[in-house]
Structure formats: structure tokens, C-alpha cells
Trainee: 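Quick one: the structure is below, questions incoming.
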Amino acid sequence: DVQLQASGGGLAEAGGSLRLSCRVTGFTVDDYGIGWFRRVPGKEREGVSCISERDIRRRYVSSVEGRFIISRDVAKNMVYLQMNNLQPEDTAVYHCATDVLDCRGFHNSYGSWGPGTQVTVSS
């Protein structure tokens with residue numbers, strides 16, 4: 001049963017940090033690309049970061065590059081998103097998802113995802 005559960009969101013001040021976790025079941029993170037996307041009310045979902053199978057590629061949307069770091073722990077079958085220097089515009093619900101293009105670029109072609117985790121950044 002494929003499941004991806006995002007957690008670790010919360011409240012942060014501008015300039016603060018949070019680490020999001022994605023707990024994956026049903027497949028190993030070494031065999032499939034994983035992406036993080038975020039949603040805000042009234043807007044299209046936005047791909048934030050991704051990591052390919054075997055950790056060959058990592059990508060970031062320009063607005064978070066240099067601030068966010070995606071990583072994984074194969075032994076734990078977890079994927080993480082370290083979010084540094086958070087800004088109010090980062091406020092969103094963050095989801096982790098399988099990336100059907102294996103992190104070859106940003107897109108909206110995600111396979112499976114689960115409930116997201118709310119990140120709220122105050123000014």
C-alpha cells in the first residue's frame with residue numbers, strides 16, 4: 001500500500017527554520033523520485049523541490065533555492081525538506097509525492113501523495 005505522509009510543519013518566524021519529513025510506505029525511496037509541492041488557497045499547486053531515485057538529481061524552485069535542502073534516509077525510507085530562512089510567502093500546505101518524471105524538471109505530474117502539513121511563517 002503506497003502511502004506518503006508529510007509532517008513537521010508548524011509556525012515559524014521570518015528567518016526561522018523547519019524540517020519537514022515524508023514517511024514513505026509501499027516502496028523504497030531509492031527506487032523512485034520524490035517531490036515536495038505546496039498549496040495555498042486560490043492558487044495552483046507549486047513544485048518546491050524534488051530528489052530523484054538513487055539521489056542522482058536534486059532540484060529546487062528558484063524562490064527557495066539556497067534556502068531549502070531536500071534529502072533522504074534510505075534506511076528509514078524517509079525524505080526530508082529542511083527549510084531555512086523562511087519567509088511569509090512560504091506559508092502553505094506542503095505535500096510530499098511520488099514524482100513521475102523522476103526529478104527531471106518541475107511539473108504537476110505527481111503520482112501519489114497524502115495529507116500535507118501546514119507551514120505558517122509570520123513576519
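Just so it is clear, the values below take in all heavy atoms, side chains as well, and ignore hydrogens, waters and symmetry mates.
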Trainee: Using modelled atom types only, decide if a donor and an acceptor are shared between the side chain of R104 and the backbone of V100 within a distance under 3.5 Å.
Mentor: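 No; judged by distance alone, with no hydrogens or angles, the pair does not exist.
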Trainee: For the backbone of V121 and the side chain of T91, can you confirm whether one donor and one acceptor N or O come within less than 3.5 Å of each other?
Mentor: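 The answer is yes, because a donor-acceptor pair under 3.5 Å joins these two groups.
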Trainee: Could you report the tightest heavy-atom contact between R67 and L86, atom names first, then the distance?
Mentor: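 Nearest heavy atoms, R67 then L86: NH1-CA, 3.9 Å.
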Trainee: With side chains defined as the heavy atoms from C-beta onward, is the minimum distance between S63 and E46 less than 4.5 Å?
Mentor: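 Yes, their side chains come closer than 4.5 Å.
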Trainee: Using modelled atom types and a 3.5 Å cut-off, is there a donor and acceptor pairing between side-chain atoms of S49 and backbone atoms of R59?
Mentor: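 Yes, S49 side chain to R59 backbone: donor-acceptor pair under 3.5 Å.
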Trainee: Could you walk me through whether W36 and V79 pass the side-chain contact (heavy atoms from CB on, under 4.5 Å) test, one step at a time?
Mentor: CA-CA 10 Å; W36 290 91; V79 177; 3.8 Å; yes
Trainee: Transitively linked via ILVMFWY side-chain contacts under 4.5 Å: I51 with V74?
Mentor: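 Yes: a chain of side-chain contacts under 4.5 Å links I51 to V74.
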Trainee: Walk me through it: do Y94 and R39 pass the test side-chain contact (heavy atoms from CB on, under 4.5 Å)?
Mentor: CA-CA 7 Å; Y94 285 73; R39 298 185 296 107; over 6 Å; no
Trainee: Applying a strict under-4.5 Å side-chain criterion to I, L, V, M, F, W and Y, I'd like to know whether L81 and M78 cluster together.
Mentor: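 No, it is not one cluster - the side chains of L81 and M78 are not joined through contacts under 4.5 Å.
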Trainee: Write down the atom of C96, the atom of I34, and the distance for their closest heavy-atom approach.
Mentor: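 Taking C96 first and I34 second, the nearest heavy atoms are CB-CG2, 4.5 Å.
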Trainee: What verdict does the side-chain contact (heavy atoms from CB on, under 4.5 Å) test give for V64 and Q87, after you've listed the backbone C-alpha separation in whole Å, the side-chain angles of each residue and the deciding distance to 0.1 Å?
Mentor: CA-CA 10 Å; V64 311; Q87 301 298 312; over 6 Å; no
Trainee: Where do Y60 and C50 land on the side-chain contact (heavy atoms from CB on, under 4.5 Å) test, with the steps shown first?
Mentor: CA-CA 7 Å; Y60 304 91; C50 58; over 6 Å; no
Trainee: Taking F68 as the fixed residue, which of L20, D90, N85 is the one that meets the side chain to side chain contact (heavy atoms under 4.5 Å, CB included) rule?
Mentor: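 Exactly one candidate clears the test, D90.
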Trainee: When rounded to the nearest 0.5 angstrom, what distance separates CG in L101 from OG in S52?
Mentor: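 Reported to 0.5 Å precision, the distance equals 12.0 Å.
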Trainee: Using the ring pair (Phe, Tyr, Trp, His ring centres under 6.0 Å) criterion, which residues pair with F37? Sequence neighbours excluded.
Mentor: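 Here the qualifying residues are H95, Y110, W113.
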Trainee: With distance as the sole criterion, is a donor-acceptor pair present between the side chains of Y80 and R19 under 3.5 Å?
Mentor: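 There is no such pair (donor and acceptor under 3.5 Å, judged by atom type) between the side chains of Y80 and R19.
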Trainee: May I ask you to test the D102-R57 pair for a side-chain heavy-atom distance under 4.5 Å?
Mentor: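 Yes, close enough: below the 4.5 Å cut-off.
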Trainee: State plainly whether one hydrophobic cluster holds both V93 and F106, where clusters connect Ile, Leu, Val, Met, Phe, Trp and Tyr through side-chain heavy atoms under 4.5 angstrom apart.
Mentor: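 Different hydrophobic clusters.
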Trainee: State, with a plain yes or no, whether a side-chain heavy atom of S112 is found less than 4.5 Å away from one of L4.
Mentor: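 Yes - at least one pair of side-chain heavy atoms lies under 4.5 Å apart.
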Trainee: I want to check something: taking the side chain as every heavy atom from C-beta on, are Q82 and S17 in contact at a cut-off of under 4.5 Å?
Mentor: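 The answer is yes; the side chains approach within 4.5 Å.
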Trainee: Between C103 and R58, is any pair of side-chain heavy atoms under 4.5 Å apart?
Mentor: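 No, too far: nothing below the 4.5 Å cut-off.
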Trainee: Using residues 23-33 as the side-chain source, report each donor-acceptor pair under 3.5 Å to any protein atom, sequence neighbours left out, with the distance given to one decimal.
Mentor:
residue	atom	partner	partner atom	Å
T28	OG1	D30	N	3.3
D30	OD1	R72	NH1	2.8
D30	OD1	R72	NH2	2.5

